[in-house]
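Structure, as structure tokens:
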2 protein chains.
Amino acid sequence: MVKLTSQRQALLDFINASNRHWDADELARALADAGTPMGIATVYRGLAALESAGLLDSIQLADKKRYERADKAHHDHMICTDCGAIEEFAHPTIESLQLSVAADRGFTVSGHQLVIFGLCRGCSNQGL
Amino acid sequence: MVKLTSQRQALLDFINASNRHWDADELARALADAGTPMGIATVYRGLAALESAGLLDSIQLADKKRYERADKAHHDHMICTDCGAIEEFAHPTIESLQLSVAADRGFTVSGHQLVIFGLCRGCSNQGL
DNA sequence: ATGATATTGATAATGATTATCATTTGCATC
DNA sequence: GATGCAAATGATAATCATTATCAATATCAT
């Protein structure tokens, strides 16, 4: 049975209080700075526990996994390859088209991940 | 200046001759078995060189990068979480919807990656 | 208080990928 | 054919995120 310990609560609060996407290392440092340090292994385990409890969402990027609030509806991501900003978007039609193309192949969908890479508005305008 | 050496040609031939998605380690072993061994670092560098030359495509999965032929049109992937099979699909409407949602945000798209996770037809039927 | 169970934390281990660096190869030029 | 240069190669060390190990600790019901 998974417990929502005070440390896990701290992790959850930290993420819920922000709009960012955090990786384990960033969280460990932020919590240490906030005066509530916890071992890095505990951070990893806590994040995994919170995610499997549905209290956090995550995106698995090429190199690392980043966690975000779970209190929103499903969405996908757009990542700026210049400044690293992560924007979220939801597109019901894209979702349903995915399901239909999967169904055509006899595929039982359990999840998906769509990431669009490019330059955000600000970085697109840098070059002007 | 990047050279297409005989070893890189061997890598390319190996991938082009198959329908699989290969990771660096699998390729190193397969090439060794085929009697043309090459250092693992050379495999990594060769794959990166071939990809940047547009001769190979790749998908970056959670843990590792897999390479595939580049002689097909752009497509996305469906991965069976049970048997590991990777199926390809193309869906022009999904593509164009992505571009339009990105444009709405002022985002200049350079690429994207869509992966659908689930059970392939065969594995879906296992449980019946 | 007693146990049973889950968590924590320090640290080792893992696994994919990249960096290092001395050596070798391929090619153009003399 | 010799020389020189730029790029490639290979063995191996290093990196980096993540997971495993394991002893110590906390939580909670009885």
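We name chains A, B, ... by the order of the sequence lines, and we start the count at 1 in each one.
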Assign A/Thr42 to base, sugar-phosphate, or nothing according to its heavy-atom contacts below 4.0 angstrom with the strands shown.
base

Between P on C/dA16 and OH on B/Tyr67, what's the gap in Å once rounded to a whole number?
14 Å

With axes from five pairs an end, tell me the bend angle of the helix from C/dA1-D/dT30 to C/dC30-D/dG1, nearest 10°.
20°

Output yes when A/Lys64 and A/Glu26 qualify as a salt bridge under the 4.0 Å nitrogen-oxygen rule, no when they do not.
no

Which of B/His91, B/Glu95, B/Glu68 passes side chain to side chain donor-acceptor pair (under 3.5 Å) with B/His75? Answer is B/Glu68

Tell me the interatomic distance from A/Gln60, atom CD, to D/dA17, atom P, rounded to whole angstroms.
13 Å

Heavy atoms of B/Cys120 and B/Cys80 approach each other most closely as N-SG, 3.4 Å

Please state how far atom CD in A/Glu26 lies from atom C1' in D/dT18, giving the value in whole angstrom units.
15 Å

Give a yes/no on whether any side-chain N or O of B/Lys64 is located under 4.0 angstrom from OP1 or OP2 of C/dA16.
yes

Are a donor atom and an acceptor atom from the side chains of A/Glu88 and A/His74 found within less than 3.5 Å of each other?
no

Relative to the 5' end of DNA chain C, which residue comes earlier, A/Val43 or A/Met1, by the nucleotide with the nearest heavy atom?
A/Met1

Quick one: list whatever passes side-chain hydrogen bond (donor to acceptor under 3.5 Å, both in side chains) with B/Thr5, sequence neighbours left out.
none

Spacing between A/Trp22 atom CH2 and D/dT18 atom P, to the nearest angstrom:
16 Å

Side-chain N or O of B/Tyr44 closer than 4.0 Å to phosphate OP1/OP2 of C/dT18:
no

Value in whole Å for how far the P atom of C/dT17 lies from CG of B/Asp23
7 Å

Evaluate A/Arg29 against A/Asp25 for salt bridge (charged side-chain N to carboxylate O under 4.0 Å, His left out), listing each step before the verdict.
CA-CA 6 Å; A/Arg29 259 175 303 163; A/Asp25 197 54; 2.9 Å; yes

Nearest-nucleotide pick for B/Met38, side chain only, options being D/dA8, D/dT18, D/dG10:
D/dG10

From C-beta outward on A/Arg8, which listed nucleotide comes closest to its side chain: C/dT8, D/dT9, C/dT17?
C/dT8

Select base, sugar-phosphate, or nothing to describe what A/Arg45 touches, counting heavy atoms under 4.0 Å on all strands.
base

Before accepting this row, confirm whether a basic side-chain N of the pair A/Glu51/A/Lys65 lies closer than 4.0 Å to the acidic partner's carboxylate O.
yes

5'-most contact on DNA chain D: B/Lys3 or B/Ile40, nearest heavy atom basis?
B/Lys3

Hey, does B/Asp25 reach any base, or is it just sugar-phosphate, or nothing, if we go heavy atoms under 4.0 Å?
nothing

Quick one, A/Gln98 with B/Ile94, criterion side chain to side chain contact (heavy atoms under 4.5 Å, CB included). Give me CA distance, side-chain angles, the key distance, then yes/no.
CA-CA 8 Å; A/Gln98 284 176 33; B/Ile94 291 180; 4.0 Å; yes

When you measure from the side-chain N and O atoms of B/Gln7 to the phosphate of D/dT9, is any distance below 4.0 Å, counting only OP1 and OP2?
yes

Check whether any side-chain nitrogen or oxygen of A/Thr5 sits under 4.0 Å from OP1 or OP2 of C/dT8, and answer yes or no.
yes

Closer to the 5' end of DNA chain D via nearest nucleotide, is it B/Leu4 or A/Asp63?
B/Leu4

Length of the CD-C1' vector between B/Gln9 and D/dT9, whole Å
17 Å

